[in-house]
> 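Quick one: the structure is below, questions incoming.
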Amino acid sequence: MGGMACRPTFYRIYRSKSTQGFQSVPYVVALFSAMLWIYYALLKSDELLLITINSAGCVIETIYIIMYLTYAPKQAK
């Protein structure tokens, strides 16, 4: 999930105030994956680029998950 690719999704959820048609599972899995890559990079030395890229991914996925939890119906949460 790239930053530019997520913008239409964020805008559509914010505009409609609904997560209808969107699932949270892919974003939760992507967040977990980015966190695992950060952990791996921290175990190795000189992996600043890996940490930077996956930190940005964590921020993007976290924003989506917060938006999802804000606008999703109770049964979908």
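Values reported hereafter were calculated over all heavy atoms of this structure, with side chains retained and with hydrogens, waters and symmetry mates removed. Since this is a predicted model, take the numbers as computed values, not measurements.
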> Minimum heavy-atom separation for Ser24 and Tyr64, please, with both atom names.
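That closest heavy-atom pairing would be CA-CE2, 4.2 Å.
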> Would you give the length of the straight line joining atom OG1 of Thr52 to atom CD of Glu47, rounded to the nearest 0.5 angstrom?
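Atom-to-atom, Thr52:OG1 and Glu47:CD are 10.5 Å apart.
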> Can you tell me how far the CD1 atom of Ile65 sits from the CD1 atom of Ile60, to the nearest 0.5 Å?
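Here the interatomic distance stands at 12.0 Å.
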> With Met67 as reference, evaluate Thr70, Ile63, Leu69 under the side-chain contact (heavy atoms from CB on, under 4.5 Å) test and give the passing residue.
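Testing each of Thr70, Ile63, Leu69 against Met67, the sole residue satisfying side-chain contact (heavy atoms from CB on, under 4.5 Å) is Ile63.
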> Under 3.5 Å, which donor-acceptor pairs link side chains of residues 28-44 to any protein atom two or more places apart or in another chain?
none

> For Thr62 and Cys58, which heavy atoms make the closest approach, and how far apart are they?
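The pair with the smallest heavy-atom distance is OG1-O, 2.6 Å.
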